[in-house]
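Here is the structure we will look at, set down as structure tokens.
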Amino acid sequence: MAAIAAVFTLFSSGDKILIARSVYGGTFRILDKVFSNFGIEYQFVDTGNADDVDKYFTPDVKAILVETPTNPLLEITDIVKTSKIAKKYKALTIVDNTFMSPYLQRPLTLGADIVLHSATKYLGGHSDVVAGVVAVNDEDLAQKLYFIQNATGGILQPNESFLLIRGIKTLAVRMQRHQQNAEQIAVWLQRQSWIKTVYYPGLPEHPGYAIQKKQAGGAGGMLSFELNDGYEYEKFVNSLKLVTLAESLGGVESLICQPASMTHVSIPAEIRRKIGITDNLLRLSVGIEDVEDIISDLDQAAEEAGN
Ligand SMILES: *Cc1c(COP(=O)(O)O)cnc(C)c1O
């Protein structure tokens, strides 16, 4: 959040930032509750179809912030197309790349101006460090951000820096395993009678499949699924033995969360329902455990949840 705050501090009163409909809850919250007090406005846009984004660029729009895949619905935004449109209006393209990590997706090479990472997640990889990254490829912008960082105090301590460097050394092998496990689990979930929908951009049925394939090295380790009617999400998550009910993601251990009451609770219920974050939607951060262990855990929890 310090990285995100530093980036938003680049803007001034009267500027508007376009954000995707299902951005990270904290990103919405900091715009809605903090930066709005300083006259920085935001507007929700549907970034699912890049051609539609064009119509939102009024002269006060200074940036567009996208997450791809989004949290928790794994919607895909075309980074090349979006940044081309933003450039036309001299607006910055900001990509929160937390879900992919630099191993799977490098938005600066696709035309983005600013890339954000919650390094708390995959970069750290072991759920033992809170850190953030801002990456740019423009010296001016780098200096501005460095000035803001120094002036406002959002810096990383030596021990956190150490943990982060240690985590990054295994990023590649962890991401390969996260992704391999997620792919298998997504395919398995699709075949289960207790499942209504599986959201994973590595499935050919996913509407963003082709774009994901073009712009990233894979679909990553995050997936969401909706339990069928008649299955209680509370019973489901409480019956899990290996997978832990917790916020956060990107660590070596599998974590599950219910976005409606956890990560996305600060989004009003009515907007939440409208964008598909129902009570029965669960988000799984697939860990690097033996995939069969994760699958049998989900399987036995579903049996409990249906009774
Ligand atoms: C967790 C997360 C953040 C916030 O990161 P912190 O490290 O918790 O401050 C921002 N964006 C995304 C997509 C996240 O998942």
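Residues take their numbers from the sequence shown, with the count starting at 1. Both counts, for ligands and for their atoms, begin at 1 and track the order of listing.
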>> Tell me if a side-chain donor or acceptor on Gln149 pairs with a main-chain N or O of Gly154 at a distance below 3.5 Å.
In response: yes

> With a distance cut-off below 6.0 Å to the six-membered ring centre and an angular limit of 45° from the axis, does Lys62 pair with Tyr42 as a cation-pi contact?
Replying inline: no

>> I'd like to check whether Asp96 has a polar contact with ligand 1, where a contact means an N/O of the residue lying under 3.5 Å from an N/O of the ligand.
In response: yes

> Numbering the atoms of ligand 1 from 1, which are under 4.0 Å from a heavy atom of Lys121?
Replying inline: 1 (C), 2 (C), 3 (C), 5 (O), 14 (C), 15 (O)

>> What protein heavy atom lies closest to atom 9 (O) of ligand 1? Include the residue and the distance to one decimal.
In response: Met1 N, 2.8 Å

> Parallel, tilted or perpendicular: which fits the ring planes of Tyr231 and Trp194, with parallel below 30° and perpendicular above 60°?
Replying inline: tilted

> Under 3.5 Å between some N or O of ligand 1 and some N or O of Ile4?
Replying inline: no

>> Quick check on Glu303: does its CD atom have over 12 non-hydrogen neighbours (other residues, nucleotides or ligands) under 6.0 Å away?
In response: no

>> What I want to know is whether Thr120 and ligand 1 share at least one N or O pair that is separated by under 3.5 angstrom.
In response: yes

> Are Tyr103 and Tyr122 near enough that their ring centres are under 6.0 Å apart?
Replying inline: no

> Between CG of Asp128 and OG1 of Thr120, what distance do you get to the nearest 0.5 Å?
Replying inline: 10.0 Å

> In terms of residue, atom name and distance, what is the protein heavy atom nearest to atom 6 (P) of ligand 1?
Replying inline: Ser118 OG, 3.5 Å

>> Please report whether ligand 1 has a polar contact with Glu67, defined as an N or O pair separated by less than 3.5 Å (distance criterion only).
In response: no

>> If we count only N and O atoms by modelled type, under 3.5 Å, do the side chains of Gln184 and Gln180 hold a donor and an acceptor together?
In response: no

> Considering only the protein, which heavy-atom contact is closest to atom 3 (C) of ligand 1, and what is its distance?
Replying inline: Tyr24 CE2, 3.4 Å

> Under 4.0 Å from any heavy atom of Leu249, which atoms of ligand 1 are there?
Replying inline: 15 (O)

